[in-house]
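The block underneath contains the structure these notes are about, expressed in structure tokens.
Convention: sequence-line order gives letters A, B, ...; per-chain numbering from 1. Basis for what follows: all heavy atoms, side chains included, without hydrogens, waters or symmetry-related copies.
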Amino acid sequence: MFPEYDHQAIETKWIKRWAEEGAFAAEIDPGRDKRYVLVMFPYPSGPAHMGHVANYTLGDVVARYYRRKGVGVLHPMGYDSFGLPAENAAISSGVHPSAWTRDNIELIKADLKRLGFSYDWSRELSTCEPAYYRWTQWFFLKMFERGLAYKANAATNWCPSCGTVLANEQVLADGTCERCSTLVVPRWLNQWFFKVTDYAERLLDDMEKLDGWPERVLTMQRNWIGKSRGAEVDFTLEATGEKIRIYTTRPDTLYGVTFFLLAPEHPLVDRLVEGTEREAEVAAFRKRVMASSTIERTALETEKDGVYLGATVTNPLNGESVPVYTANFVLIEYGTGAVMAVPAHDQRDFEFARKYDLAIRVVIEPPDGELVADDMTEAFEEPGTMIASGAFDGTASEEGKQKVCDLLEARGWGARAVNYRLRDWLVSRQRYWGAPIPIVYCEKCGTVAVPEEELPVLLPEDLPLAEGGKSPLPLTPSFYQTSCPSCGGPAKRETDTMDTFVDSSWYYFRYVDPAESDAPFDKEDAAYWMPVDQYIGGIEHAILHLLYSRFFTKVIHDLGLIDFDEPFTNLLCQGMITRDGAKMSKSKGNVVTPGDHIDRLGADTLRLYILFMGPPELSKDWSDAGVEGAHRFLGRVWRMVHERYLPLRQAGDEPDGPASRHRAMRSLTHRTIMNVTNDIDQFAFNTAISFIMELVNGINHYASEGAPDAAVLDEAVLAALQLLAPFAPFISEELWSIAGKEGRVNDLPWLSFDDELAKPEEVTLIVQVNGKVRDRVTVPAGISDDEMKARALEAENTARHLEGKEIRKVIVVPGKLVNIVI
RNA sequence: GCGAGAGUGGCGGAAUUGGUAGACGCGCGGGGCUUAGGACCCCGUGGUUCCUUUGAACCGUGGGGGUUCGAGUCCCCCCUCUCGCACCA
């Protein structure tokens, strides 16, 4: 008898062994190719969940594979450890965010270690540690120096539940907070921003370099940046003669302007109605609009609404006078906050015109006929031919755009312009558990940067949360009272902290040298390891984290610290793990905890199953029965070594059966090496595993049908263990040593295969008659087309179908198929 | 509405360049071992029909057309689902 497969003992043993032997340390070796394999670091909110297991297993298999391919691998791990959940936990349970966070780091770390991930643990980092956030603050200062960090009044997204402002990217499509699902409301506040818009063009253009990224992520980023080309045009306010600038993408429709719109927040609105009978009405209107949530205001279904402002403007192109309204659908933050309205060719303007009985003038004629304004049911927004447009009549609208722009520029009425939907990144948060913004306000000197050598601005970790979960920082004089770095006089610190997305926008640089104390990272180390060769993470970060990281990398490039400007060469977006088709969540009660499965079935089983479930990028539904199957397979591998392999080495019987039987086994072995290698290269782990399963089944058959050839069996079993090692490293390592082999299987060079051996000796020839499969014939591999034809024609079942028929054509696919056309 | 992706057995999913549809696994059925159950091993498993058997025929990759000797794969039209963006002028 042989020992049972005791996954707990085996896994405990090898975790310890690998740690003692420093098996996964990343070392710089300029003579060797490198791979930086990174999986998005977790937010430590408790033990690991299945999404973590799926993500980190993927990364680990890739890292282990590359290591065995002989390249230097950097595979690090850390924690995104500042953030709101820590404060929410503090509110509900009274634990300090700092303690809560550090406890959770220990919980998730324990799970990550149990899963056998091959991290270089010496590089572990945590964004809430002063040694780390010191450099987050340093980057803020660099941004500030370059005018990329600025403070401004702006309409912000306020989450009433989180009690803080949010970045645009953190507001979901339904207008709710991405963290707590509360409806976000607008607030006009003085806040810190990063000038991402300065980089809009580069963020867009450089996507060309990202051919290792999924197309859908690039599309999402492209849409988010939202570049549009058009023109800015100055209209003249008739009462005062001052110019009001608008932005339009349709300069070709300038002759169709019949009214003019201002965003309710536009500063001109107040001035126009001040002291008039409309003042109260307009004020009430604006109050109503601004009070509605972002979602209400931006929903397509929201009815067009507006108020006449009692003013008129002149259209520079035709000198016409049109009325000025304020309207709910005009956004202050896009373009200039003022819009020319062309109801015939813009759906929103059309609806507004119908509601307020304003003129509709057709100036673009559709290719297929005339358009009558009174009969229109919707705006005509497609290209056409310009009409009722003076000298431009008869011009195609696309061409007209250019010609009108030429005229605008020639006359000084306007100019070509580009606009982006992308807004500057709002980075200040009225929260406690984050990196303090390193700024001081002095009555004399104004806004002053904290000098670099005074970093970090330490976050006091002994403060309880204030009333209602608010940040204690503004209430703590020992924190905010300071002296001005410039004049030495009394000054007040900024009490806002940074958005946690700032912390995570540069962490991958820190891993190259997390102990570095003179800089955020060592330039030479970064030159070796960066950029990240393979980044892996959830699709939910397609915009937020990935866009911010790209921005940071470009800034770091411009600071002269690196000579590349994209952080992630290849990106794999992992699908979600669901249960019964639904996202796992505590409220639904469908959470599957990895820890339980590791205890019961082992980390190897869990790793293997989660990869076997399906392609990485697909979302996958968890099955308890399925995971049992993976465990059963590992049991078969265990028995294969103990029942088939070990006894044979003692017995040494003469091999049974013809040479072809043994040659077929070798062929399967080599074919499996080929297939598994190809599949891992393409991240097709599910099929790679199924090939290993076939090999193991094949070995068991081979060894049970008669005495195997010792060398053939040796080759097959050892190959199976080596191929299995990246997926199930513990059992592979254990069986490797049980098989009496030296060293760690996880360190062996990746297997190569023999092309000739990988080809089977015999192939099944498919015989079709008129495209329908009628017979299968086993033939030697590599026979000629003529022989194939002959064998096909004499096949028994084929002959029946050919009886009395005339053969018109025979198609031969070499080595595969013969199709007889009758 | 715009953009991206996907529809294959009871289930998860396989199928270079068009060339055996359903690999591998789960589940299910049958058998072995066992006092019994579990575990394990062996066999079977898309549907329908026919046959005593060996077996055979037809249907079958969301629906409908098409190209081709041959279509899950290519082309056209349609349906459904998922995800992202949605008053950006």
Side-chain angles (χ1 to χ4, degrees), chain A residues 4 172-174 214-224 226-228 230 246-250 253 261 295 297-304 327-331 333-342 345-349 351-352 381 419-423 539-540 542-543 575-576 581 608-609 612-615 617-630 632-633 635-636 639 643 678 684 686-694 697 700 704 764-776 797 800 808-822:
Chain A
E4 292 276 303
L172 302 181
D174 63 355
E215 191 53 46
R216 63 174 168 159
V217 174
L218 295 176
T219 306
M220 280 160 77
Q221 292 216 352
R222 203 171 284 121
N223 291 342
W224 190 261
K227 181 178 182 173
S228 84
I246 60 99
Y247 171 73
T248 179
T249 53
R250 293 297 302 272
T253 63
L261 299 168
I295 177 67
R297 203 163 153 201
T298 58
L300 250 162
E301 309 82 58
T302 304
E303 200 185 322
K304 305 289 173 282
N328 60 345
F329 62 92
V330 181
L331 308 173
E333 59 283 16
Y334 186 77
T336 61
V339 185
M340 68 178 207
V342 186
H345 306 292
D346 181 283
Q347 186 58 24
R348 297 154 299 180
D349 299 345
E351 288 168 31
F352 194 85
E381 296 182 331
N419 251 294
Y420 301 94
R421 285 180 18 146
L422 184 73
R423 303 289 137 74
I539 185 72
E540 66 273 17
I543 296 173
M576 238 176 6
L608 193 73
Y609 174 62
F612 184 61
M613 281 169 84
E617 63 279 2
L618 247 61
S619 81
K620 289 160 290 239
D621 207 60
W622 178 264
S623 149
D624 282 328
V627 76
E628 299 278 353
R632 257 198 306 265
F633 167 68
R636 278 207 301 280
R639 287 190 302 277
E643 286 179 352
N678 288 342
N686 53 333
T687 47
I689 292 167
S690 72
F691 281 123
I692 300 172
M693 288 173 166
E694 285 181 82
N697 292 343
N700 281 327
S704 63
T764 303
L765 186 65
I766 303 306
V767 185
Q768 294 184 332
V769 177
N770 279 359
K772 283 191 195 297
V773 179
R774 295 301 180 188
D775 227 325
R776 292 173 167 83
N797 201 41
R800 265 188 337 112
R808 286 175 46 198
K809 200 159 126 190
V810 178
I811 288 150
V812 178
V813 180
K816 264 190 186 165
L817 171 145
V818 177
N819 188 14
I820 303 159
V821 187
I822 56 172

[X] side-chain proximity, nearest of [options]:
{"X": "A/Arg421", "options": "B/G70, B/C88, B/A89", "value": "B/C88"}
{"X": "A/Val813", "options": "B/G19, B/G13, B/C88", "value": "B/G19"}
{"X": "A/Trp224", "options": "B/A89, B/C40, B/A86", "value": "B/A86"}

So, is [X] near the phosphate of [N], with a side-chain N or O under 4.0 Å from OP1 or OP2?
{"X": "A/Tyr334", "N": "B/A89", "result": "yes"}
{"X": "A/Arg348", "N": "B/C88", "result": "yes"}
{"X": "A/Lys772", "N": "B/C59", "result": "yes"}

Rounded at 0.5 Å granularity, tell me how far CE in A/Met693 sits from CG in A/Leu608.
5.5 Å

Hey, what do you get for CZ (A/Arg423) to OH (A/Tyr334), rounding to the nearest 0.5 Å?
8.0 Å

If a protein heavy atom is under 4.0 Å from the base, mark B; if only from the sugar-phosphate, S; if neither, -; do that for nucleotides 21-34 of chain B going 5' to 3'.
S-BBSSS-------

Reckon A/Pro214 touches a base, only the sugar-phosphate, or nothing at all at heavy-atom distances under 4.0 Å?
nothing

Can you see which heavy atom on A/Tyr247 is nearest to which on A/Thr336, and at what distance?
N-OG1, 3.8 Å

As a test of your reading of the structure, name each stem of RNA chain B as range with range, where a stem is three or more consecutive Watson-Crick or G-U pairs at under 3.5 Å.
B:1-7 with B:79-85, B:10-12 with B:24-26, B:27-32 with B:40-45, B:46-50 with B:55-59, B:62-66 with B:74-78

Give me the distances for all protein-to-nucleotides 2-5 of chain B N/O pairs that come in under 3.5 Å?
none

If you take atom types as modelled and just measure distance, does the side chain of A/Arg250 reach the base of B/A89 with a donor-acceptor pair under 3.5 Å?
no

